[in-house]
Amino acid sequence: MDVPMDWHLSTLGVDHLFFDRECGAALEITWAGKFYPGHLETFMVRFARRVQKCFTMTVTPISSSLDRVDLDSKMEVAWFAWAIPASRGQGVLMGCRRCRRLFILRFFTDSTDMPDPWVERVVASFQENCGKGMGKWKLFGLELSTPGCFRLSSYLFRPGSFMVDFKAQGQRLTAHSWGPASFLLLKNDLETVARTRVSLPDTNPGSGGDEQCPFLVWEWEGGARPFAFMRQRHRFITCHNLGGNRIIALKSSTRGGYGLSLLDLAGMIKGGFG
Amino acid sequence: MSLESDTRGRLNRYDALASVPIKSADIEEHAVGESSLILTYQVQYRPMFQKIRRLVARGHSKGFTRKVELDLLGVGVWRLIDGKNNVQTIVRRFARTHTLDIREAEVSVTLFLRSLGKKGLIGMR
């Protein structure tokens with residue numbers, strides 16, 4: 001999705017995203033559940049009734065602006081204008097024909113007229129991964145690609161410590177970003193920094209990468225479980241990202257019984273492990 | 001969103017970022033190595049404790065000395081508090097110095113300034 005440079009991510013949830021700009025709220029995206037192709041008008045009626053009841057928000061469908069945005073044929077679109085006493089704007093219901101998901105994009109434009117050019121740009125560039133291919137994540141300087149089957153499970157953005165957790169069947173992937181690295185590595189080395197933040201085995205780490213971007217790797221099997229399918233294998237990899245002045249780490253956990261291989265962690269983060 | 005304070009008199013984000021922090025006059029600074037700084041400041045007893053101290057006749061001092069040690073990041077922000085830079089400028093310089101995301105720097109710096117304000121080490125103009 002292509003958003004203006006001055007917008008920044010304000011809130012990220014499992015089913016919603018909120019963007020802010022300097023003068024206030026900019027955009028809210030909600031993953032609104034299942035969508036049945038050809039029934040967008042029905043969804044619009046239900047949506048208008050529901051938000052009127054729950055949030056006293058008035059929603060009025062707009063039909064004239066549909067043809068102004070050139071969209072991928074896999075998306076069904078219905079524009080609307082919304083207003084609450086404190087603010088107003090435009091929005092769009094988008095239904096993906098492939099993955100059958102419904103999205104609500106609500107723009108805080110302070111106008112209910114025809115969409116602004118940047119609103120059209122955001123809507124035209126909005127795409128859903130549909131659970132196929134790699135999922136691309138770019139959050140507060142942390143850029144990583146995850147296999148399509150992984151879903152965002154939880155996240156934590158504290159100053160100096162970011163964590164994003166993904167889950168798939170029998171697998172778990174956690175990305176960490178700690179910074180500023182120049183401060184953290186002032187008195188401690190990379191291994192000590194990682195050990196103070198993540199529970200790691202007592203074994204010495206392996207090393208990899210090249211001279212410019214060396215990384216440390218731990219691989220271990222968790223807990224002595226009686227059955228193979230209960231055993232968990234873990235891999236943890238960490239490195240110092242000089243360009244971003246951060247320490248980046250990825251941990252993958254796999255339950256043995258599912259026969260899933262451990263992920264190639266080094267290739268997942270952009271700018272981290274080279 | 002209005003740029004003015006809300007009806008309860010609290011500053012909104014934009015007003016807070018535009019305010020200028022000023023150091024308190026009664027602070028002594030002692031550098032410890034290159035990367036840390038100790039701030040020494042006077043704290044007054046609460047009125048109730050002052051009365052108790054007077055009753056038990058344990059001297060007439062109205063307060064005591066406290067020390068705060070700042071790490072490298074804290075020292076960087078402390079040096080930027082010069083009575084001219086507003087919070088937004090401090091945030092931007094801090095973010096640039098440590099290659100941080102501006103939002104991350106904003107949260108860190110404002111939390112730090114708030115803690116200094118609670119201790120009475122700085123005031124806001």
Side-chain angles (χ1 to χ4, degrees), chain A residues 5-12 17-28 84-89 108-110 137-143 155-164 176-188 240-248 271-272, chain B residues 1-8 10-19 31-37 69-80 86-118:
Chain A
M5 286 294 285
D6 61 327
W7 289 14
H8 47 253
L9 191 62
S10 159
T11 316
L12 167 71
L17 266 177
F18 219 110
F19 286 94
D20 271 358
R21 56 188 152 174
E22 279 295 300
C23 56
L27 167 67
E28 182 188 30
I84 52 172
S87 69
R88 55 169 69 184
F108 294 75
T109 52
D110 276 335
W137 297 84
K138 193 176 175 183
L139 304 157
F140 298 118
L142 184 69
E143 281 184 59
Y155 66 92
L156 182 78
F157 290 110
R158 281 193 188 145
S161 175
F162 303 157
M163 185 278 289
V164 196
H176 297 274
S177 171
W178 303 303
S182 53
F183 171 70
L184 295 173
L185 297 173
L186 203 65
K187 289 173 184 168
N188 297 310
H240 176 196
N241 178 351
L242 285 163
N245 195 22
R246 316 262 329 162
I247 295 170
I248 290 169
Chain B
M1 189 181 283
S2 165
L3 286 175
E4 290 171 13
S5 309
D6 69 12
T7 49
R8 282 169 288 185
R10 288 186 311 192
L11 283 179
N12 64 30
R13 177 171 166 257
Y14 303 99
D15 289 339
L17 287 173
S19 55
V32 183
E34 288 180 5
S35 60
S36 60
L37 187 72
E69 187 171 357
L70 304 183
D71 61 15
L72 181 70
L73 303 179
V75 173
V77 176
W78 182 255
R79 299 252 185 266
L80 288 169
N86 64 15
V87 176
Q88 191 155 29
T89 311
I90 294 171
V91 166
R92 286 198 175 140
R93 289 198 188 163
F94 182 77
R96 206 184 311 140
T97 311
H98 299 289
T99 332
L100 292 174
D101 183 90
I102 199 85
R103 293 282 286 176
E104 185 187 13
E106 188 182 307
V107 177
S108 315
V109 170
T110 50
L111 279 174
F112 178 65
L113 293 178
R114 198 181 294 169
S115 72
L116 291 181
K118 277 183 182 171

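In what follows, every chain begins at residue 1, and chains take the letters A, B, ... in the order their sequences are listed.
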Closest non-hydrogen atom pair, B:L100 against A:R246: CD2-NH1, 3.4 Å

Residue pair A:G160 / B:E104: nearest heavy atoms and the distance that separates them: N-OE2, 2.7 Å

Point-to-point distance, once rounded to the nearest 0.5 Å, from CG of B:D101 to CZ of A:F157: 9.5 Å

Heavy atoms from other residues, nucleotides or ligands near CZ of B:R92 exceed 12 (cutoff 6.0 Å): no

Min side-chain heavy-atom separation B:T99-A:P180 under 4.5 Å: no

